Amino acid sequence: MECRIVTIPGDGIGPEIVREACKVLDKVAQTYGHSFHYQEVLMGGCSIDAYGVPLTEEALEAARRSDAVLLGAVGGNVGNSRWYDVAPDLRPEAGLLAIRKGLNLFANIRPAYLYKELAEACPLKKEIIGEGFDMVIMRELTGGLYFGERHTEEVDGILQATDTLTYNENEIRRIAVKAFDIAMKRRKRVISVDKANVLDSSRLWRKVVEEVAKDYPEVKLEHMLVDNCAMQLVMDPGQFDVVLTENMFGDILSDEASMITGSIGMLSSASLNESKFGMYEPSHGSAPDIAGKGLANPIATILSAAMMLRYSFDLDKEADAVESAVQKVLTEGYRTPDIMSEGCEKVDTARMGDLIAERI
Ligand code: NAD
């Protein structure tokens, strides 16, 4: 298979971790007979330095023409960087919002998986962790409360602020289809999270999700209220497979789900549009505090590349190979400093990439 991948290393640790992910992709290409063609573009602070803006139209156009985008992270030291002495729409993170919008990435997927080797980092009790957990949070990214009409006004001398939460059935249907498609590649269970006991938008959400479910008879659908879901995530995380939810609920629940894994350097993510196209990136930021020191954990980015293989290229076998190589390296006791524990061997960013690539 021939695939065109745009890479956006970005700032801070971005270039170090994207380099390792490409090393692993190259090994996949060599082992399974594929050709991955890379085009590197700038975004974030490095683009501001080169072009005066966080994302150029040329960079966005290159991303549009590609089959998938692999992103490191953007941004600098917020309290201590010239990149932040400007209007918000010229700061590094504005590039991120612009590319998500420009590529119409409406579906955000964040897996939360607990490696048994890293269970010590999980803040939950052993009896709650049980056999571990393996879920993905599918969050709608371009609608709902964050994108609705908003205003602040003074009414009878009192300040009043209003935000509106709107979803139409098409927006709900397209994200529900993505969630069911992904469930078909996993354990075939969707829990749709809403607040249908209170909100009209949630009642429409539930109705449309049920309609979509009819096209996926193999997938078991359940509904859960968001307040209950927040509790269930820390009481019984093992029950979840695909969690489907709207923008604001997903914002909160995906952070909760990722924090119970305890390891920020291990968390991958993907944002997809209506076709197979997606942008793949670690859930963490550019970590300027450790940039250039070989301390960054590249696994979140490597696992994001595995998601790219699975969701954009339909290369499930290859994605499995990357995920099991990560598993093997952890089982053999190799750790970057952020996940180091007693009795393990500490390795730097590049060595971790080598070890994973060697096991494919
Ligand atoms: P961060 O995720 O960059 O770092 C938080 C902490 O986790 C730091 O101590 C860091 O050293 C550590 N860490 C993060 N990733 C790691 C890795 N792979 N290996 C080892 N340790 C790791 O969050 P922050 O410090 O709040 O933000 C730093 C910059 O990143 C800011 O400019 C912020 O705006 C930006 N940011 C970008 C994105 C993105 O590009 N998607 C996301 C979040 C934050």
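No experiment lies behind these values; they were computed from the predicted model shown. In each ligand, atom 1 is the first atom listed, and ligand 1 is the first ligand listed.
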What protein heavy atom is closest to atom 31 (C) of ligand 1, reported as residue, atom name and distance in Å? G76 O, 3.4 Å

I'd like to check whether N297 has a polar contact with ligand 1, where a contact means an N/O of the residue lying under 3.5 Å from an N/O of the ligand. yes

Residue pair I175 / W205, side-chain heavy-atom distance below 4.5 Å: yes

Nearest non-hydrogen protein atom to atom 43 (C) of ligand 1, with distance, is G285 CA, 3.5 Å

For A296, the ligand 1 atoms whose distance to one of its heavy atoms is below 4.0 Å: 19 (N)

Taking the side chain as C-beta and beyond, is there a heavy-atom pair between R150 and T162 under 4.5 Å? no

Can you find an N or O of P288 that's nearer than 3.5 Å to an N or O of ligand 1? no

In terms of its nearest heavy atom to atom 9 (O) of ligand 1, the top option of L71, I290, V78, D289 is D289

Does A300 come within less than 4.0 Å of ligand 1, judged by its heavy atoms? no

Would you give me the side-chain donor-acceptor pairs under 3.5 Å for residues 12-25, sequence neighbours excluded?
from : atom 1 : to   : atom 2 : distance (Å)
E16  : OE2    : G292 : N      : 2.6
E20  : OE1    : K23  : NZ     : 2.6
K23  : NZ     : A350 : O      : 3.2
K23  : NZ     : D354 : OD1    : 2.7

Any idea which atoms of ligand 1 are less than 4.0 Å away from a heavy-atom of Y84? 32 (O)

Quick check: do F313 and I5 have side-chain heavy atoms less than 4.5 Å from each other? yes

Please state which protein non-hydrogen atom is closest to atom 35 (C) of ligand 1 and give its distance, to 0.1 Å? V74 O, 3.2 Å

Looking only at heavy atoms, the pair that brings M308 and V69 closest together is CE-O, 3.7 Å

Under 4.0 Å from one or more heavy atoms of G75, ligand 1 contributes atoms 32 (O)

Which residue holds the protein heavy atom closest to atom 3 (O) of ligand 1, what is that atom called, and what is the gap in Å? A287 N, 2.8 Å

Minimal non-hydrogen separation, R4 against R65, with atom names: NH1-O, 2.9 Å

Considering only non-hydrogen protein atoms, determine which one is nearest to atom 33 (C) of ligand 1 and report residue, atom name and distance to 0.1 Å. E93 OE2, 3.4 Å

Is any side-chain heavy atom of V6 less than 4.5 Å from a side-chain heavy atom of Y38? no

Tell me the protein heavy atom at minimum distance from atom 7 (O) of ligand 1, and give that distance in Å. I264 CG2, 3.9 Å

Would you say atom 1 (P) of ligand 1 touches the protein, meaning some protein heavy atom is under 4.0 Å from it? yes

Considering residues, nucleotides and ligands other than Y32, do more than 12 of their heavy atoms fall under 6.0 Å from its OH? yes

Where on W83 is there a heavy atom closer than 4.0 Å to ligand 1, on the side chain, on the backbone, on both, or on neither? neither

State whether a side-chain donor-acceptor pair under 3.5 Å links N297 with D338. yes

Please determine whether a side-chain nitrogen of the Lys or Arg among D255 and R110 lies less than 4.0 Å from a carboxylate oxygen of the Asp or Glu. yes

Quick test: of every protein heavy atom, which one is nearest to atom 39 (C) of ligand 1, and how far off is it to 0.1 Å? L96 CD2, 3.6 Å

As a test of the contact definition, would atom 14 (C) of ligand 1 count as having a protein heavy-atom neighbour under 4.0 Å? yes

Nearest heavy-atom pair of P237 and M235: which atoms, and what distance? CD-C, 3.8 Å

Between N77 and W83: side-chain donor-acceptor atoms closer than 3.5 Å: no

Subset of ligand 1 atoms that lie under 4.0 Å from at least one heavy atom of A73: 40 (O)

For ligand 1, the portion of I13 having any non-hydrogen atom under 4.0 Å away: side chain

Note the single closest protein heavy atom to atom 41 (N) of ligand 1, along with its residue, its atom name and the distance in Å. E281 OE1, 3.2 Å

